[in-house]
2 protein chains.
Amino acid sequence: MAVMDRAVAREQALDAAEELFYGRGIQAVGMDDIRAASGVSLKRLYQLFPAKEQLVEAYLERRDVRWRGRLAEFVQGHEDPEERILAVFDWLERWFGEPGFRGCAWINSYGELGATSSRVVAQVRSHKRAFRAYLADLVADAGLPAPLTGRLFLLAEGAMVTAGITATPEPAREARQAAAALLHST
Amino acid sequence: MAVMDRAVAREQALDAAEELFYGRGIQAVGMDDIRAASGVSLKRLYQLFPAKEQLVEAYLERRDVRWRGRLAEFVQGHEDPEERILAVFDWLERWFGEPGFRGCAWINSYGELGATSSRVVAQVRSHKRAFRAYLADLVADAGLPAPLTGRLFLLAEGAMVTAGITATPEPAREARQAAAALLHST
DNA sequence: TTGACGTGAGAACGAGCGTTCTCCTACGGT
DNA sequence: ACCGTAGGAGAACGCTCGTTCTCACGTCAA
């Protein structure tokens, strides 16, 4: 393979890492699997990411940006501020139904490495904090009381974990109904 | 160490497995760690559990019985059927606050081995199904509409996962408030 | 043309770990 | 007392995997 630009190699490595780590679990994927899937040589891989843990970190970080970007894009297609909140759960349902869906990458990573890698834990916390903050913005924009945020967040997290375990998109609909009921309670 | 009764050795092995698997993650604990912590020799361990995967299975199974037993015991201390439902979340809060709490063992196991071990996946699904069925009983006993079950379940799952990641018992209180609001909505 | 350098392919290294095997001790039945 | 057997300690085996090293090749500057 011809000389490969550093940035391109990095993207290819992260593309392979994302597909393999998410699909098979992080510990089940070796650096050599990443090399084979990406076409980036081991030497290059270790130039870009001095250790596997940093590749994992970069994978979670890039996925976080994309994930929240796609969610925000979908939500912004709705006008009414309350509809936007419910749209979050519509988007979840769509996500759960995608082929290859295996649950939330961050929750899974936490289960795998939460006790071992503090860098992974930091990524997971940061992602969840950002998601919660996004919900808080939606709640505020709708003029709804702030305590609603945490409840919506828990519904979304419960839906993600349950959809992963049961391999059905159904939990998103249940969560959406619960969210709708909560919007105007008390 | 003197001759050890088979059943006793099994319990000691499972005690060690539970503490280590839950505390450090399954893949991070070797069979030799279990031997060292339990005092059960490797030979004995492999007589009792022909492979690590079956020790994992037995660990999840025994923990499932204990976990649901403790929950039911706590809930039964409450008279009012609706109070019982809310007591589930009180119990969660108590659990989250226990020293060494690291999230839901089944969610974590799913994150670790969901893509690799179908036996572990079966244990996780079975545990979550049983927990959901228990909630369904509580809902029915309170004369509340069946669709409430799924929503309470999602709140509980969301609380477990969030409490694990953030290492605080707070999500249980948020979930309890959301549950209370849902009890009499619509 | 030459030589220094970067790179890819893949071997090599070293550690960890699941699983099995060896060897020795101790005990129970006769 | 003697033998057969079970069990414990821990070495050994085979494999995986993260990481590094070797070596040959191609490129570019002088």
Side-chain angles (χ1 to χ4, degrees), chain A residues 1-60 109 112-113 115-120 123, chain B residues 1-60 109 112-113 115-120 123:
Chain A
M1 190 163 293
V3 175
M4 189 181 286
D5 184 64
R6 184 181 175 92
V8 174
R10 189 184 154 92
E11 285 308 295
Q12 291 189 341
L14 285 174
D15 287 346
E18 180 153 5
E19 174 158 348
L20 294 175
F21 285 158
Y22 179 71
R24 300 191 207 157
I26 293 168
Q27 315 217 51
V29 172
M31 291 298 278
D32 199 61
D33 296 321
I34 308 266
R35 178 200 58 77
S38 67
V40 177
S41 74
L42 276 182
K43 191 169 239 169
R44 261 273 222 241
L45 272 181
Y46 277 93
Q47 281 174 0
L48 295 163
F49 309 98
K52 187 186 182 184
E53 193 180 27
Q54 310 191 29
L55 175 57
V56 174
E57 226 179 327
Y59 143 63
L60 290 176
S109 301
E112 233 184 308
L113 299 169
T116 324
S117 163
S118 60
R119 307 180 76 144
V120 166
Q123 278 296 322
Chain B
M1 192 163 293
V3 174
M4 189 182 285
D5 183 65
R6 183 179 177 91
V8 174
R10 188 184 156 91
E11 286 307 297
Q12 292 188 341
L14 286 174
D15 287 345
E18 180 154 5
E19 174 159 347
L20 294 175
F21 285 159
Y22 178 71
R24 300 191 208 159
I26 293 169
Q27 314 217 53
V29 172
M31 292 298 278
D32 199 61
D33 295 322
I34 307 268
R35 178 202 56 77
S38 67
V40 178
S41 73
L42 276 181
K43 192 171 238 170
R44 237 351 187 182
L45 272 180
Y46 277 92
Q47 280 174 2
L48 296 163
F49 310 98
K52 187 186 183 183
E53 191 179 29
Q54 310 192 29
L55 175 57
V56 173
E57 225 179 328
Y59 142 63
L60 291 175
S109 300
E112 232 185 309
L113 300 169
T116 326
S117 163
S118 59
R119 306 180 77 145
V120 166
Q123 279 296 323

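In what follows, chains carry the letters A, B, and so on, assigned in the order in which the sequence lines appear, proteins first and then strands, with residues in each chain numbered from 1.
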- [ ] Between dG7(D), dG18(C), dC23(D), spot the one nearest the side chain of Arg44(B), thanks.
- [x] dG7(D)

Open item on the list: Rounding to an integer number of Å, can you tell me how far Asp5(B) CG sits from dC27(C) P?
Closed with: 17 Å

Open item on the list: If you define the side chain from C-beta out and look only at heavy atoms, does anything of Glu112(A) sit under 4.5 Å from Val120(A)?
Closed with: no

Task: Donor-acceptor under 3.5 Å (Ser117(B) side chain, Leu113(B) main chain) - done: no

Task: Nearest-Å distance for atom pair CD/C1', residues Glu53(A) and dT19(D) - done: 15 Å

- [ ] Hey, which sits more toward the 5' end of DNA chain D by its nearest nucleotide, Arg35(B) or Ile26(A)?
- [x] Arg35(B)

Open item on the list: So for atom CD, which belongs to Glu57(A), do other residues, nucleotides or ligands contribute more than 12 heavy atoms lying within a distance under 6.0 Å?
Closed with: yes

Open item on the list: Without decimals, in angstroms, what is the distance between Ile34(B) CD1 and dG18(C) C1'?
Closed with: 12 Å

Task: N/O (side chain, Gln27(B)) to phosphate O (OP1/OP2, dG18(C)) under 4.0 Å - done: no

TODO: Compare the minimum distances between each of dT20(C), dC23(D), dT19(D) and the side chain of Tyr46(B), then state the nucleotide with the smallest one.
DONE: dT20(C)

Task: Length of the line joining Gln47(B):CD and dG7(D):C1', which is rounded to integer Å - done: 8 Å

- [ ] State which of dT20(D), dG18(D), dT20(C) makes the closest approach to the side chain of Leu42(A).
- [x] dT20(D)

Task: Minimum side-chain heavy-atom gap Leu14(A)-Phe49(A) below 4.5 Å - done: yes

Task: Rounded distance (Å) that lies between atom P of dT19(C) and atom CG of Asp32(B) - done: 13 Å

Task: Euclidean distance, atom CD of residue Gln54(B) to atom C1' of dG18(C) [Å, nearest integer] - done: 13 Å

TODO: Please report, rounded to the nearest Å, how far the C1' atom of dT7(C) is from the CG atom of Leu45(A).
DONE: 13 Å

Open item on the list: From CG of Leu20(B) over to P of dC17(C), roughly how many Å is that when rounded to an integer?
Closed with: 12 Å

Open item on the list: Any non-hydrogen side-chain atom of Arg35(B) less than 4.5 Å from a side-chain atom of Leu45(B)?
Closed with: yes

Open item on the list: From the set dT19(D), dG7(D), dG8(C), return the single nucleotide nearest to any side-chain atom of Ser41(A).
Closed with: dG8(C)

Open item on the list: I want to verify a distance call: between dA9(D), dG18(D), dT22(D), whose nearest atom is closest to the Lys43(A) side chain?
Closed with: dT22(D)

